[in-house]
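Have a look at the structure below, then the notes.
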Amino acid sequence: QVQPVESGGGLVQPGGSLRLSCSVSEGAFTNWAMAWFRQAPGKEREFVAAISRSGYNSETADSVKGRFTISRDNANSLAYLQMGTLKPEDTAVYYCAVRYAPLVRTYFTSLDQYRYWGQGTQVTVSS
C-alpha cells in the first residue's frame, strides 16, 4: 500500500508563508506523478497544484497562481508546496496525492485520477 505522508502545516498570519512536504517511501519515487489538493470546512476537495514525474512540468490552480509553487526533490523522495502571501481563504486541510505516471512529463489535476492519498495536514491562516 502506497501511503503519502504530509508535513509542515500549522497556523500562520495573513501574508505569511509556509512550506508543506510530502514523502512517499513505497516504490520508486520517480514513478509517481504528484499533486496537492485542499479541502476547507463545508467545501469540496479542490485541486491546488500538480507536478510530473520529472518535475519539469507542473500546473497550479488559478486561485493560488503566483503565490504557491509545487516542486519535487527526486533525490530525496520529497515533494513540496511552497505557499506565500497566504490568505484566510487558504485555510484548509491540504492533501498530497500520488499516482503512477507512464510518461515523465505528464501530470494530473483531477481528484479521480489519483489512487493514493495522504492523511492531510491542517493549514490555518488567521491573525
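Quick caveat, the model's predicted, so the values are computed rather than measured. Numbers for residues simply follow the sequence, beginning at 1.
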Of the non-hydrogen atoms in [X] and [Y], which two are nearest, and what is the gap between them?
{"X": "Leu81", "Y": "Ala49", "result": "CD1-CB, 4.1 Å"}
{"X": "Asp90", "Y": "Arg67", "result": "OD2-NH1, 2.8 Å"}
{"X": "Thr106", "Y": "Ala33", "result": "O-CB, 4.0 Å"}

Q) With sequence neighbours excluded, what pairs up with Val123 under the side chain to side chain contact (heavy atoms under 4.5 Å, CB included) test? A)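 Val123 satisfies side chain to side chain contact (heavy atoms under 4.5 Å, CB included) with Leu18, Leu20, Met83, Tyr94, Val125 only.
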
Name all residues meeting the side chain to side chain contact (heavy atoms under 4.5 Å, CB included) criterion together with Ser25; count only those two or more places apart in sequence or in a different chain, and write none if there are none.
->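 Side chain to side chain contact (heavy atoms under 4.5 Å, CB included) check on Ser25 returns nothing, list empty.
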
Would a hydrophobic clustering, with Ile, Leu, Val, Met, Phe, Trp and Tyr connected at side-chain separations under 4.5 Å, put [X] with [Y]?
{"X": "Val64", "Y": "Tyr107", "value": "no"}
{"X": "Ile51", "Y": "Phe47", "value": "no"}
{"X": "Leu78", "Y": "Val24", "value": "no"}
{"X": "Trp117", "Y": "Met34", "value": "no"}

* Contacts of Tyr114 that satisfy ring-ring contact (aromatic ring centres under 6.0 Å, His included) - sequence neighbours left out ->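 If we apply the ring-ring contact (aromatic ring centres under 6.0 Å, His included) test to Tyr114, skipping adjacent residues, the hits are Phe37.
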
Any non-hydrogen side-chain atom of [X] less than 4.5 Å from a side-chain atom of [Y]?
{"X": "Tyr95", "Y": "Leu111", "value": "no"}
{"X": "Trp32", "Y": "Tyr100", "value": "yes"}
{"X": "Val98", "Y": "Phe108", "value": "no"}

Within the side chain of Arg99, is there an N or O that forms a donor-acceptor pair under 3.5 Å with the backbone of Gln113?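 Between the backbone of Gln113 and the side chain of Arg99 there is a qualifying donor-acceptor contact (under 3.5 Å).
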
Checklist entry - In Å, rounded to the nearest 0.5 Å, how long is the span from CD of Gln122 to OG1 of Thr91? => result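 Atom-to-atom, Gln122:CD and Thr91:OG1 are 7.0 Å apart.
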
TODO: Among residues two or more places apart or on two chains, list those pairs meeting side chain to side chain donor-acceptor pair (under 3.5 Å) that have a residue in residues 3-23.
DONE: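 For residues 3-23, and leaving out neighbouring residues, there are no side chain to side chain donor-acceptor pair (under 3.5 Å) pairs at all.
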
- Task: Give every residue pair that meets the side chain to side chain donor-acceptor pair (under 3.5 Å) criterion with at least one member in residues 68-87, sequence neighbours excluded.
- Result: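 Passing the test, one end in residues 68-87: Arg72-Asn74, Asp73-Asn76.
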
Check: Would Ser126 and Thr124 satisfy side-chain hydrogen bond (donor to acceptor under 3.5 Å, both in side chains), going step by step from the backbone distance to the final call?
Finding: CA-CA 6 Å; Ser126 175; Thr124 302; over 6 Å; no

* Restricting to pairs with a member in residues 41-61, which pass salt bridge (Lys or Arg N to Asp or Glu O under 4.0 Å), not counting sequence neighbours? ->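 Qualifying pairs: Arg38-Glu46.
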
